[in-house]
Amino acid sequence: MRTRLAVAAAAITALVAGCTTSGGSEEPAQEAEGPATLTFWNTGSDEHAAALQAVADIYKQSHPDVTIKVQALSWDDGHAKVLTAATSKSGPDIISGGMSWGIEFGELGGMIDLNSQDIASIKQQTRPEVLKAITSPDGAVYGVSFDNAFYLLFYRPDLLQKAGLSGPPKTWEELTAAITKLKAAGVKTPLVENWNTFEWLPWFNWLKQAGGSLYADDCSKATIDSDQAVLATATWAEQFREYGVPKAATDSAAGLANGEIAMAIDGSWVANAIDAAHPQLKGKWQVAALPTGPAGAGTFVGGRIIGVMSYTRFPKAATEFIKWTYTDEAIQLLQKEVYNRAGELWLSPRADQINTLNTTDNVKQTLATTMETVSGPPNCKGWEVSQAEVTKKLQAVVNDGVDPKKALGEAATIMNNNLK
């Protein structure tokens, strides 16, 4: 299934950031007088827009002078439309989109630095790894985290048991051993890897588990060609070349339901989508954290930011709504509405709200554990324009047999050139 919550499929695909000197508005926009009507472009599905509209309508009950009109923006062209709005200074008042969008559009002068609107409480409730990914190197925060999504391992316990496995794999070595046993037991596709399948996003999990990184902490240079990254890339490529993991996106929920798939590395939103789409599978699947590598656990965290456009006539009203989305009331309303309308799990950036989700204890426990190991996209200059070429270099290791060290060296050159 494709993400409609997160990051970056255009992603969330759309989940990356640049690190230039801030070009955002130095002075906050002045608040217009009178009732505020705010247009909110929400990147995601029509169902998500409907869920957010329902929540915004409830907000209006306690804020009668604020009307919010939510419009769906597809991941396919959302970035281009917000870019046009940011550069033309004309369009919506509020936007949500990939985690990198705040920095990118804020540095073009298209979004407000929300620090000017006092978001200290929001920053305190955001995981440090997520906050780092959405904060410009100069400290500006043009968009705060709206929702989170990260990778989990979904699996069928009964299929694992039939293959002689006592539980889900906990390490890289156990993962490949499990694939071999499941294949021998007659499972057509032991493992699938979704959410930007065969691109840099799922590869990033392997990179973190190997102890590697895309850039140095200070964004001074690319580190994608490190020994750890070479190991991660070779291991990631091996699953496609030797263990039959599909390179094309797969409906993991359907595959788990019909028994053709035993394990699926997929986005956290799928945790509720499985039962919604395949109620006959209820109680027959579980989730676990991703298998660990030489450096331990690690998973990419994506999702959307939410921010205020610099040309809005109502910066305070728009920011107050964003602050409200961090309240217990709003979070639980969003969880309910997204599940009812889209059949998906909506995960707040507030880790303390995991226990309020309408899902199983197994899912809640795994979400809480995994949230402690997340890493967001880099906030370094040029990553937004580098990622497509980096993906091609990674794919060449699988498709063309290119040596990982060579491919990553070429990727590092691209990234370093874009840092200048």
Side-chain angles (χ1 to χ4, degrees), residues 3-7 12 38 40 42-45 47-63 66 68 70 72 94-97 99 102 114 117-131 133-134 141 143-150 152 267-273 276 301-308 317-361 363-372 374 376:
T3 179
R4 294 181 295 191
L5 294 177
V7 155
I12 124 161
L38 306 173
F40 178 3
N42 180 65
T43 307
S45 67
E47 292 82 2
H48 286 161
L52 285 171
Q53 186 64 66
V55 173
D57 291 343
I58 291 174
Y59 179 76
K60 183 175 176 61
Q61 294 175 12
S62 56
H63 298 76
V66 180
I68 299 172
V70 183
I94 302 171
I95 65 102
S96 75
M99 284 177 68
L114 295 175
Q117 302 291 322
D118 186 13
I119 55 167
S121 62
I122 288 180
K123 291 163 75 172
Q124 290 170 359
Q125 295 177 93
T126 304
R127 284 206 60 81
E129 301 86 355
V130 175
L131 186 61
I134 62 177
V141 179
V144 297
S145 182
F146 186 42
D147 50 25
N148 287 170
F150 42 75
L152 301 174
S268 51
W269 64 91
V270 175
N272 278 358
V301 60
R304 292 175 296 188
I305 57 93
I306 183 171
V308 181
T319 308
E320 288 304 311
F321 172 71
I322 291 174
K323 291 179 181 179
W324 180 75
T325 66
Y326 270 70
T327 65
D328 293 359
E329 176 191 11
I331 290 168
Q332 290 163 31
L333 284 169
L334 282 162
Q335 291 171 354
K336 176 183 176 183
E337 291 296 334
V338 171
Y339 177 75
N340 288 342
R341 296 171 187 270
E344 296 177 354
L345 180 145
W346 187 85
L347 186 61
S348 164
R350 284 180 52 189
D352 64 325
Q353 290 294 301
I354 287 176
N355 283 332
T356 66
L357 288 165
N358 179 24
T359 190
T360 67
D361 288 342
V363 171
K364 292 177 185 178
Q365 292 165 3
T366 306
L367 288 171
T369 298
T370 302
M371 192 171 276
E372 296 293 324
V374 299

Colleague: What I'd like to find out is whether the side chain of Asn272 reaches to under 4.5 Å of the side chain of Tyr339, using heavy atoms alone.
Modeller: yes
Colleague: Counting heavy atoms not belonging to Lys336, are there more than 12 under 6.0 Å from its NZ?
Modeller: no
Colleague: Would the distance check show the side chain of Gln53 and the main-chain N or O of Val70 forming a donor-acceptor pair, the cut-off being under 3.5 Å?
Modeller: yes
Colleague: So how far is it from Ile305 CD1 to Ser145 OG, rounded to the nearest 0.5 Å?
Modeller: 9.0 Å
Colleague: For residues Ala330 and Trp324, report the shortest heavy-atom separation together with the two atoms involved.
Modeller: CB-O, 3.1 Å
Colleague: When Arg350 is tested against each of Asn148, Thr126, Ile122, Asp328 for side-chain contact (heavy atoms from CB on, under 4.5 Å), which residue passes?
Modeller: Asp328
Colleague: My understanding is that only residues two or more places apart in sequence, or in another chain, count here; which of them pass side chain to side chain contact (heavy atoms under 4.5 Å, CB included) with Gln335?
Modeller: Ile331, Gln332, Trp346, Gln353, Thr356, Leu357
Colleague: Could you list all the salt bridge (charged side-chain N to carboxylate O under 4.0 Å, His left out) pairs where at least one residue sits in residues 53-62, not counting sequence neighbours?
Modeller: none
Colleague: Would you say that Leu333 contacts Ile58 through its side chain, given a criterion of any heavy-atom pair below 4.5 Å between the two side chains?
Modeller: yes
Colleague: Are the side chains of Phe321 and Val66 in touch, meaning some heavy atoms are under 4.5 Å apart?
Modeller: no
Colleague: Just checking, is any N or O donor in the side chain of Asn42 or Arg304 under 3.5 Å from an acceptor N or O on the other one?
Modeller: yes
Colleague: Does the Lys364 side chain pair with the main chain of Asn355, one donor and one acceptor, at a distance under 3.5 Å?
Modeller: yes
Colleague: Would you say the side-chain atoms of Glu47 and Ser45 include a donor-acceptor pair closer than 3.5 Å?
Modeller: yes
Colleague: Quick check: do Leu52 and Leu334 have side-chain heavy atoms less than 4.5 Å from each other?
Modeller: yes
Colleague: Measure the spacing between CD of Glu320 and CG of Leu38 and express it to the nearest 0.5 Å.
Modeller: 11.5 Å
Colleague: Taking the side chain as every heavy atom from C-beta outward, state whether Leu347 and Phe150 have any pair of such atoms under 4.5 Å apart.
Modeller: yes
Colleague: If you round to the nearest 0.5 Å, how far is CD1 of Ile306 from CZ of Phe146?
Modeller: 4.5 Å
Colleague: Using a 4.5 Å cut-off on heavy atoms from C-beta on, say whether the side chain of Leu367 contacts that of Leu345.
Modeller: yes
Colleague: Grab the two heavy atoms, one from Ala56 and one from Ile68, that are nearest each other, plus how far apart they are.
Modeller: CB-CB, 3.9 Å
Colleague: Starting from the C-alpha separation in whole Å, work towards a yes-or-no answer on side chain to side chain contact (heavy atoms under 4.5 Å, CB included) for Glu372 and Arg127.
Modeller: CA-CA 9 Å; Glu372 296 293 324; Arg127 284 206 60 81; 3.5 Å; yes
Colleague: What's the shortest heavy-atom distance between Ala72 and Gly44, and which atoms?
Modeller: CB-O, 4.1 Å
Colleague: Between Lys323 (side chain only) and Gln117 (backbone N and O only), is there a donor and an acceptor less than 3.5 Å apart?
Modeller: yes
Colleague: Do Tyr326 and Ser348 touch side chain to side chain, with heavy atoms closer than 4.5 Å?
Modeller: no
Colleague: Considering all heavy atoms of both residues, which atom of Leu114 and which atom of Gly143 are nearest to each other, and what is their separation?
Modeller: CD1-CA, 4.2 Å
Colleague: Just by distance, with hydrogens left out, do Glu337 and His48 show a side-chain donor and acceptor under 3.5 Å apart?
Modeller: no
Colleague: Measure the shortest side-chain to side-chain distance between Val130 and Met99 over non-hydrogen atoms and say whether it is less than 4.5 angstrom.
Modeller: yes
